[in-house]
Protein chains: 4
Amino acid sequence: MESYKRIKHRTFEIIQPDHEHDLASRAFDIVVIILIVINVIVVMIDTFELPDSVRRITNTIENISVIIFTVEYLLRVWTADELYPDTASITKSRLRYIFSFMALIDLLAILPFYLPMVFTVDLRVLRMLRIIRLFRVFKINRYTTALGTISKVFKAKAGELISSMSVVLLLMLISSVLMYNFEHEAQPDSFTNIFQSMWWSVATVTTIGYGDIYPVTVAGKILSTIIALLGIGLVAVPTGIISAGFTEIVHAERSEKQDEKSFCPYCGKKLL
Amino acid sequence: MESYKRIKHRTFEIIQPDHEHDLASRAFDIVVIILIVINVIVVMIDTFELPDSVRRITNTIENISVIIFTVEYLLRVWTADELYPDTASITKSRLRYIFSFMALIDLLAILPFYLPMVFTVDLRVLRMLRIIRLFRVFKINRYTTALGTISKVFKAKAGELISSMSVVLLLMLISSVLMYNFEHEAQPDSFTNIFQSMWWSVATVTTIGYGDIYPVTVAGKILSTIIALLGIGLVAVPTGIISAGFTEIVHAERSEKQDEKSFCPYCGKKLL
Amino acid sequence: MESYKRIKHRTFEIIQPDHEHDLASRAFDIVVIILIVINVIVVMIDTFELPDSVRRITNTIENISVIIFTVEYLLRVWTADELYPDTASITKSRLRYIFSFMALIDLLAILPFYLPMVFTVDLRVLRMLRIIRLFRVFKINRYTTALGTISKVFKAKAGELISSMSVVLLLMLISSVLMYNFEHEAQPDSFTNIFQSMWWSVATVTTIGYGDIYPVTVAGKILSTIIALLGIGLVAVPTGIISAGFTEIVHAERSEKQDEKSFCPYCGKKLL
Amino acid sequence: MESYKRIKHRTFEIIQPDHEHDLASRAFDIVVIILIVINVIVVMIDTFELPDSVRRITNTIENISVIIFTVEYLLRVWTADELYPDTASITKSRLRYIFSFMALIDLLAILPFYLPMVFTVDLRVLRMLRIIRLFRVFKINRYTTALGTISKVFKAKAGELISSMSVVLLLMLISSVLMYNFEHEAQPDSFTNIFQSMWWSVATVTTIGYGDIYPVTVAGKILSTIIALLGIGLVAVPTGIISAGFTEIVHAERSEKQDEKSFCPYCGKKLL
């Protein structure tokens, strides 16, 4: 029983990404990431016309990968109580893990492989979900701090960012309806319905401008001009918010440091 | 008389969006917003080719909505003196409300429905103005603070933003005239007149670049290059202004906090 | 002699834009600006096919405008010594004015009208230079302070802005040469020579992307990707510089204010 | 021996760009830069169809340039021990110089000229590498300080910039795979394989939008909308980072100044 627990704890240590100085854990991380990268490459290669010989190799790689990913998945479910030590029972912690976002992605990435054994559906398209596993790469690389800063800024400014994005979306919706009314008659094939009009507003507000759809009437062009100029202003807002967020964090860190080293050199008292 | 006043006050409380803890007011807000959203969806659906059965349903929804919106509008006019308690007479406060921006939008959104009863004109196109009512959504959601910060920044920087936009517009005007002279002969169909040329300058300065109109002469391409590079600089200005605005607000808040812990260098007493 | 001087001084006061409380000066400014705006509209209208009757009206407007602009120009030359009181002689100050940027623009805008009287050349195209006079508008409007702030930022950051722009231009030059080598063979009609290739790099770095020229080879697309991603980074630099410039100015102003109001409320001494 | 050393030291002084007040060094810099600019112009001219007479002139210019660049290169190798005074032996310092980035560029820019004498290969395409030498221009101009500030910001923020760029690249990869699956069937000619899909994602995330490839299915358009809106947010991040970097530098400089006027709240003495 004791040795069972010890093995489980050791397994948990190995499969968790945050033990950088543990050789076995590090090796496991690298193997998994290499496997993910290989799978992503296979998904990409599969979009080309391939001779049967190559197709056979990619299939073999996939089969081996799925087996390894399955073992990994089961190990993670097994050791879920180590991940959530606060949860009441082992079953609860396992369910909690199974329904976590990353675990669902992992399951969806391996499940399609087993389904044809039971049903006749082909959900192999889901295997490209494996690409999302690439985000795990960030967990073990040396840019963790920088990414942490970025996500801290996004969290601190979430309210402002969502608000400004809502205004942008509302503006896009209103301009789509207006543009449909301006252009539908002149270009019934381009501005067929409101969805086409929304597609135009996406291309305009984001300044992509593919050129597949654009206004030709004077009213439509004037609206487009207004939306484009407003777009610049509105797009400037998230930039301004994020920029202020980064400036803020830097200041917060500096003022913390200053607080620490603030002792009067004459009387020795701590300065506040 | 007393009970009339009480009913009016209660009605005002219910139809005003800023009583979040008042159940009736909250329910009213939610019903109105759901109705607006349904109407926006109807406006969008109407752009598709629909069978008569569906068209009948959307018409019914519209009729009911207009009746509810009319009642709401009349209630708001009725309780206008509660909204502007400082206004001299009830009539004045009602006129003040009727000619406020949001009330005019509301009126324009319901009026087209009643006009055909009197005249023969069909102004049903105006009902899409209802979409502007969506902005009311912001009044009752939890992002009010964030939106407040954003609009505070825009107000504080209005002068600088308008100035920089004026320079951009002037640059667009000048480049349009120049471009017309460069390209008119080479592409009489694209650069037909100054308006087409302005349309080009919008697509260029905002970096949309639909691709329906672009210079082909060497002079035109050089001008386009200059305008595009200047455009980057000029578009960077609003971003910089807004960014500084957000940084400023954060600092203003922090320096208020810091003021609480300052000391006089002469007598050592806590300042403020 | 004394009255000559007084008249000259009064004339100078009237034609200078910075006497807002002087009624005559204000009226003069408004008349000139209205005249400029009318002329800009005439320049714009002239790009359309017009019936002879309209053409005759626009011609009359032009003739009158040129006469007024000529008088204004001569008055400015006459009073140049008031504008530059430090200059040694009246002749020198007049020459200094004549060769100032705005005066040259003014001259170029009226000269084409008189040339056909002497030579047979038609330089009427130069009259669109009158549009540049629109910049004078900024001199007398209420956004002067805001524009002043913007130009102060640009001046303070000139070195950094020019440096970053030089890097962008160098990158565009290098990518043009590379792209020409990658694409010339595949698309000899699009990438005919280095100028076409430069035109592509303008559309790419500024993210306009008209769509008239783009790479089709794998090497060209990879280069385009690198340039586009670098472009985002490089375009972020001017924004960052300008943004920092605005933040800086705001801080400078605040810290000046704070310095002024910094008195200890207990001992009354000025805090530094 | 003494005079050999003196000549070498003097040569080093002349060929190094950072002796602005040394007339010989300054002249040398200007000659080299003029030569580089001429060579860049020649590379550009060579992309046009040229008559033999012009081609002969450009060839002569090239030959002379290569000889001068070769001499310059050899002088730099010879004086390498002056550049790296800390290196143990002269040979080591020379090897260190030869394998430095700029020296390799210099070598690659002159080598293709000598190769045809030995082999039959034509690597004259490499001579356009000479354009990279243009970056040397920055070493001797008056914007050195400004460029230094810019590169300081990039170095200080390298981690955050690379992290945010990695997220952008990952997002582009995932969206490419998804878009391929959405659009391949509808547009087999445009979305032939994953590389075409990646090309679309580059044009979309960077908001270039050439218009040669774009989604036509509803799923593809929705994905494109999400990517485009996320793109705005993600592109705002580098801008925000760089902007904060510039603000930070300015503050660091100012707070250094401010430290000079701080006082202890307990004893009132000047701090630091």
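Below, all heavy atoms of this structure are taken into account, side chains as well, without hydrogens, waters or symmetry copies. Convention: sequence-line order gives letters A, B, ...; per-chain numbering from 1. All values reported here derive from a predicted model rather than from experimental measurement.
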Look at the side chain of [X] and the backbone N and O of [Y], then say whether any donor-acceptor pair between them is shorter than 3.5 Å.
X: S243(C); Y: G240(C); value: no
X: E248(C); Y: T247(D); value: no
X: E62(D); Y: N39(D); value: no

Exercise for the section: Check whether any side-chain heavy atom of I213(C) sits under 4.5 Å from a side-chain heavy atom of Q196(C), and report yes or no. Expected result: yes
Exercise for the section: State, yes or no, whether a side-chain contact exists between D81(C) and T87(C) at a heavy-atom distance under 4.5 Å. Expected result: no
Handout entry: Segment of M165(D) engaging chain C (4.5 angstrom heavy-atom cut-off)
Key = side chain
Problem - Side chain, backbone, both or neither of L169(D) within contact of chain C (heavy atoms, under 4.5 Å) - result: side chain
Problem - When T239(C), I194(C), L161(C) are compared by non-hydrogen pairs under 4.5 Å with chain D, the top option - result: I194(C)
Handout entry: Pick from S176(C), S197(C), P215(C) with the largest number of heavy-atom pairs that fall under 4.5 Å of chain D
Key = P215(C)
Handout entry: Salt-bridge criterion met for D46(D) and R55(D) (N-O under 4.0 Å)
Key = yes
Completion exercise
If one checks every heavy atom of I241(C) against chain D at 4.5 Å, the contacting part turns out to be both
Handout entry: Under 4.5 Å from any heavy atom of chain D - which part of T192(C)
Key = backbone
Exercise for the section: Taking the six-membered ring for Trp and the single ring otherwise, decide whether the centroids of W199(D) and Y214(C) are under 6.0 Å apart. Expected result: no
Practice task
Count the heavy atoms belonging to other residues, nucleotides or ligands that lie under 6.0 Å from CZ of F195(D), then report whether that count exceeds 12.
Solution key: no
Completion exercise
Taking a cut-off of under 4.5 angstrom between non-hydrogen atoms, the residues of residues 218-227 of chain C near chain D are K221(C), S224(C), T225(C)
Exercise for the section: Would you please say whether a donor-acceptor pair under 3.5 Å links the side chains of W200(C) and Y180(C)? Expected result: no
